[in-house]
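Worth saying up front: this structure is predicted, and the values here are computed from it rather than measured. Only this structure's heavy atoms are used, side chains among them; waters, hydrogens and symmetry mates stay out. Per chain, numbering begins at 1; letters A, B, ... match sequence-line order.
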Amino acid sequence: MDTTYQPQNIEQSWYQRWEAAGCFQPEGDGDPFAIMIPPPNVTGRLHMGHGFNNTIMDTMIRYHRMCGDPTLWQPGTDHAGIATQMIVERQLAAEGISRHELGREAFLEKVWEWKAKSGGFITSQIRRLGSSVDWSRERFTMDEGLSAAVLEAFVRLHEDGLIYRGKRLVNWDIQLQTAISDLEVDNVEQDGHIWHFRYPLAGDASTKDGKRWLVVATTRPETLLGDTAVAVHPDDERYSDLVGQSVQLPLTGRLIPIVADEHADPEKGTGCVKITPAHDFNDYEVGKRQSLMLINIFDSHARVLSRAQAFDIAGQPLPGADLDMPPALVGLDRFEARRAVVLEMEQLGLLETIEKHSNKIPKGDRSGVVIEPWLTDQWYVKASAMAEQAMGVVERGEIQFVPKQYENMYFSWMRDLQDWCISRQLWWGHRIPAWYDEDGQHYVGRSEAEVRAAHKLGDRPLRQDEDVLDTWFSSGLWTFSTLGWPQKTPELEMFHPSSVLVTGFDIIFFWVARMIMLSTQLLKNDDGTPQVPFKTVYVHGLVRDGEGQKMSKSKGNVLDPLDIIDGISLDDLIAKRTEGLMQPKLAEKITKQTRKEFPEGIAAYGTDALRFCFCSLASTGRDINFDMKRVEGYRNFCNKIWNATRFVLMNVEGQSCGQHGETDYELGLAERWIISRLQHVEQECHKQIAQYRFDLLAQSLYEFFWNEYCDWYLELAKVSLNNDSVSEARKLGTRRTLVRVLEAGLRLMHPVMPFITESIWQQVAPLAGTATDTEALTTIMRQPYPRPDTSKIDAEAEAGIEFLKQLTIAVRNIRGEMNISPARTLKVLHTGATEQQQTLLERVTPLWMAMAKLESVEPLSGTDRPFSSTQLVGQLEILIPLEGIIDMAAERGRLEKELGRLDQERKRLQGKLGNPAFADKAPAEVVAKEQAKLDDVDLRHTAIQAQIERMAH
RNA sequence: AGGACCGUAGCUCAGUUGGUUAGAGCGCCACGUUGACAUCGUGGAGGUCACCAGUUCGAAUCUGGUCGGUCCUACCA
């Protein structure tokens with residue numbers, strides 16, 4: 001073995017061997033355990049969030065597999081409709097081609113080409129993370145099978161009346177030329193203005209204060225052209241007599257009604273609101289209530305139409321009511337139109353004031369352009385009934401959120417859920433299975449043939465809907481479409497509902513909620529109740545950089561997990577971070593910042609260290625601030641494991657360590673102790689995995705292996721192995737324990753650190769007598785996860801070694817503080833041992849002498865105390881004679897410092913115990929505990945006081 | 001505006017049902033290499049648990065408030 005841990009030498013080959021041997025496929029006949037991977041974008045790249053997420057999932061998966069459960073980790077990717085189409089369009093644009101020139105079919109071919117080219121990238125990255133997914137079951141949302149599931153789901157939901165088509169206001173992305181859902185809109189704070197306009201009253205009406213106009217305020221003057229009413233509050237007395245009258249809409253001359261509607265807030269502005277139902281979501285609602293006409297003034301690029309289109313509130317065209325737009329405005333885009341309208345109004349003397357105002361503007365999360373509420377025909381999923389069902393399963397605990405607080409988030413979103421717009425005006429995606437006849441009637445079915453047959457359409461010309469479905473529609477079926485639904489497959493039977501979904505809170509709405517709705521709607525349990533997609537949702541935080549900033553390309557602080565695994569030079573990292581920026585001028589800043597953050601680039605830490613780090617960060621918080629120093633620390637931990645193994649192997653080489661079932665061994669106190677500690681850590685691991693506390697799992701493993709096994713047991717083992725007076729049976733016991741505890745420890749750590757544990761285990765297992773050769777590949781992956789054996793918990797050994805540790809630390813403390821060289825052996829005297837301590841002391845003295853490098857240990861005889869530095873272990877006082885060794889002043893200083901500490905502690909305890917309220921009301925147990933503390937402090941205090949006095953003479 | 005979460009050592013974070021001398025890693029200081037490991041060992045320094053009030057014998061922990069931070073939802077005509 002190398003003297004240091006070199007991850008690159010051990011990681012790559014093992015993954016291939018596992019995969020080739022089929023180790024990732026479900027096996028066994030316990031309780032099935034399944035995780036469906038949140039499908040990443042097929043053409044995407046791995047980021048830290050994936051790294052984190054995969055680590056958590058793989059840890060659970062490997063754990064359950066080792067526990068013997070049939071374990072499925074279902075991998076796959078989604079087609080990311082908008083994102084992928086955008087990439088390919090951009091590539092075409094670079095060649096000066098638009099997708100429309102290419103045509104739909106040729107364009108889709110290009111997309112498939114791109115998918116073929118780049119689609120394997122992310123899956124190879126997942127392999128590098130060590131994720132033990134079942135690749136033989138890999139799925140893609142555009143696969144035939146999953147497409148069939150999408151088709152079936154659409155048709156069934158339509159049959160159940162849960163999918164409908166309608167002309168409604170949608171979030172229209174004018175750049176991408178498609179509708180998007182509410183969730184794909186970001187509201188961005190922006191400085192703007194509010195314009196106050198006069199709308200002249202029609203006829204001879206006037207307001208109560210004698211004005212011949214109403215004043216309305218707006219942030220979007222251009223929508224004036226589409227106004228179809230002015231609203232006032234029903235209880236607003238200022239305008240009550242005007243309700244039912246009209247205003248004459250400037251620029252168009254149209255008469256529009258004054259209506260009474262709760263939407264108008266008398267407190268705000270003048271209390272009058274212009275209503276543009278075809279270009280504002282609130283106004284649309286007013287329009288529904290007041291049966292107003294809808295007037296659409298824009299084309300799909302939000303340019304003013306020459307002739308605005310009128311609809312009734314149901315979306316039926318009112319051709320007679322169409323109207324010409326002011327010629328000067330025709331063809332202007334919405335922002336040009338805004339300026340033009342304001343200018344015009346000003347010239348007409350109808351502009352009252354302009355106020356500065358900051359408000360939130362809806363922007364498309366992909367395109368970044370301002371979203372236009374626009375009237376279009378779209379397909380919708382009805383939310384209400386499904387939402388109720390989806391809330392029910394969570395209320396009843398059929399699905400549990402971990403941490404529980406996310407249930408609130410889920411419920412609050414579900415409670416006022418809008419219908420989900422699922423159609424997209426894209427080409428890349430699942431085409432909507434609807435066909436139209438010449439009259440515009442639509443028919444939904446699994447195929448054109450089915451539609452024709454079902455509706456007796458003969459050979460009438462039909463054309464299929466051009467649009468595709470929202471990617472999240474297919475992702476929403478993921479837990480069961482990947483298992484073969486709508487077929488009744490054995491996998492579906494066995495692994496659905498899946499066990500746990502692991503995801504960040506940021507996609508609870510996008511994905512989690514929709515999966516729950518679609519699964520409960522489409523799948524039923526044997527008793528007919530709705531079937532959930534998973535039983536638990538483990539929600540983790542988002543990985544941020546060391547400063548707590550969100551990682552993003554434009555901030556230039558993204559990290560690729562593979563660069564932490566393999567390392568990267570500063571120059572390469574800068575190149576990576578500044579490549580393909582949306583705003584090239586950021587490059588300089590990013591370069592500077594990266595130089596500062598990683599002056600040496602990033603070292604190669606290996607997958608296991610990174611994974612251990614991710615686990616250690618998986619606490620319950622919402623933000624995970626990633627710190628490279630911690631990865632380094634866990635790389636060092638790997639090195640520790642590596643070198644401890646080297647030590648064990650060196651010490652058992654060529655000698656028996658009980659691997660052939662030998663029974664002629666004896667276990668000493670140290671052996672019994674470490675075996676006992678192993679049972680504790682095993683208990684802890686099961687517990688922490690069960691409660692999803694991977695941070696505490698990591699902590700337990702780290703502490704056991706480093707602070708107990710390495711720091712103490714290995715040192716104690718040296719004492720046994722290097723001592724001629726120790727019997728061969730005891731030495732055998734030591735070697736046996738060294739190997740077996742290591743072997744169990746490797747299995748314990750394997751779910752978190754698959755590579756190092758496997759490569760070491762291959763060497764250790766035969767020595768522990770646990771490896772079997774019955775399988776094609778003998779691997780730690782298929783070994784049982786250690787289960788604690790409580791009969792091996794040994795309180796006596798734990799007390800003994802605990803005592804030894806205290807004795808040893810006491811001597812080390814004196815050495816440290818007195819600056820006594822570790823090379824110098826010391827004579828130690830002791831006095832005041834209780835009977836129990838005396839017994840223990842006798843047992844551990846040989847170990848103590850070796851651990852603390854002592855020349856002799858003897859009881860203090862007579863009343864003559866030599867000048868000594870002293871330490872107390874309970875009642876036992878240990879003395880290290882000072883003569884010729886210690887600086888008297890230093891010792892005095894040390895003692896006085898300790899005395900001061902004890903003084904304070906004594907005061908605190910005396911105060912507490914002297915308070916009758918405490919003594920009377922606190923449980924006797926607690927009082928006794930405090931009293932014992934005080935006794936101990938008193939004892940120490942007296943002893944140190946005495947020592948100081950002795951030094952004074 | 002409403003809601004959620006958070007504020008613990010210089011940094012990144014643990015801290016179970018209230019009962020510890022408030023912990024870990026990193027960083028810092030001192031000392032230390034004839035072999036498991038300097039990717040190391042030993043010892044040490046470092047905290048008014050954001051602040052205020054309350055409940056309690058006892059609060060980092062429970063309650064209310066203040067301040068600071070993050071995020072979500074809604075609205076801003």
Pick base, sugar-phosphate or nothing for Ile275(A), based on heavy-atom distances below 4.0 Å to the nucleic acid. nothing
Applying a 4.0 Å non-hydrogen cut-off, can you work out what Glu632(A) is touching in the nucleic acid: base, sugar-phosphate, or nothing? nothing
Using a 4.0 Å heavy-atom cut-off across all strands, classify Leu649(A) as base, sugar-phosphate, or nothing. nothing
Does any N or O donor sit under 3.5 Å from an N or O acceptor when you compare the side chain of Arg815(A) with the base of U42(B)? no
Is the shortest side-chain N/O distance from Ser619(A) to OP1 or OP2 of C13(B) below 4.0 Å? no
Distance below 4.0 Å between Lys640(A) side-chain N/O and G41(B) OP1 or OP2: yes
Reading 5' to 3' and counting Watson-Crick or G-U wobble pairs with both distances under 3.5 Å, write the dot-bracket notation for RNA chain B, | for bases paired outside the strand. (((((((..((((.....[...)))).(((((.......))))).....(((((..]....))))))))))))....
For Gln418(A) and U73(B), give me the distance from atom CD to atom P, rounded to whole Å. 13 Å
Give one of base, sugar-phosphate or nothing for Cys710(A), where a contact means two heavy atoms less than 4.0 Å apart. base
Give one of base, sugar-phosphate or nothing for Asn651(A), where a contact means two heavy atoms less than 4.0 Å apart. nothing
Walk along nucleotides 2-10 of chain B from 5' to 3' and tag each nucleotide B, S or - by protein heavy-atom contact under 4.0 Å, base first, then sugar-phosphate. ---------
Using a cut-off of strictly less than 4.0 Å, decide whether Asn819(A) has a side-chain nitrogen or oxygen near OP1 or OP2 of A30(B). no
In whole angstroms, the gap separating P of G25(B) from CZ of Phe637(A) amounts to 12 Å
Indicate the atoms forming the closest heavy-atom contact of Trp413(A) with Ala513(A), along with that distance. CZ3-CB, 3.4 Å
Answer with base, sugar-phosphate or nothing: what part of the nucleic acid does Arg415(A) contact at a heavy-atom distance below 4.0 Å? nothing
Classify every nucleotide of nucleotides 43-49 of chain B by which part a protein heavy atom approaches to under 4.0 Å, writing B for the base, S for the sugar-phosphate alone and - for neither, in 5'-to-3' order. SSS----
Mind checking Lys718(A) for me? I need base, sugar-phosphate or nothing, with any heavy atom below 4.0 Å counting as a touch. base
Regarding Glu715(A), tell me which of base, sugar-phosphate or nothing describes its non-hydrogen contacts under 4.0 Å with the strands shown. base
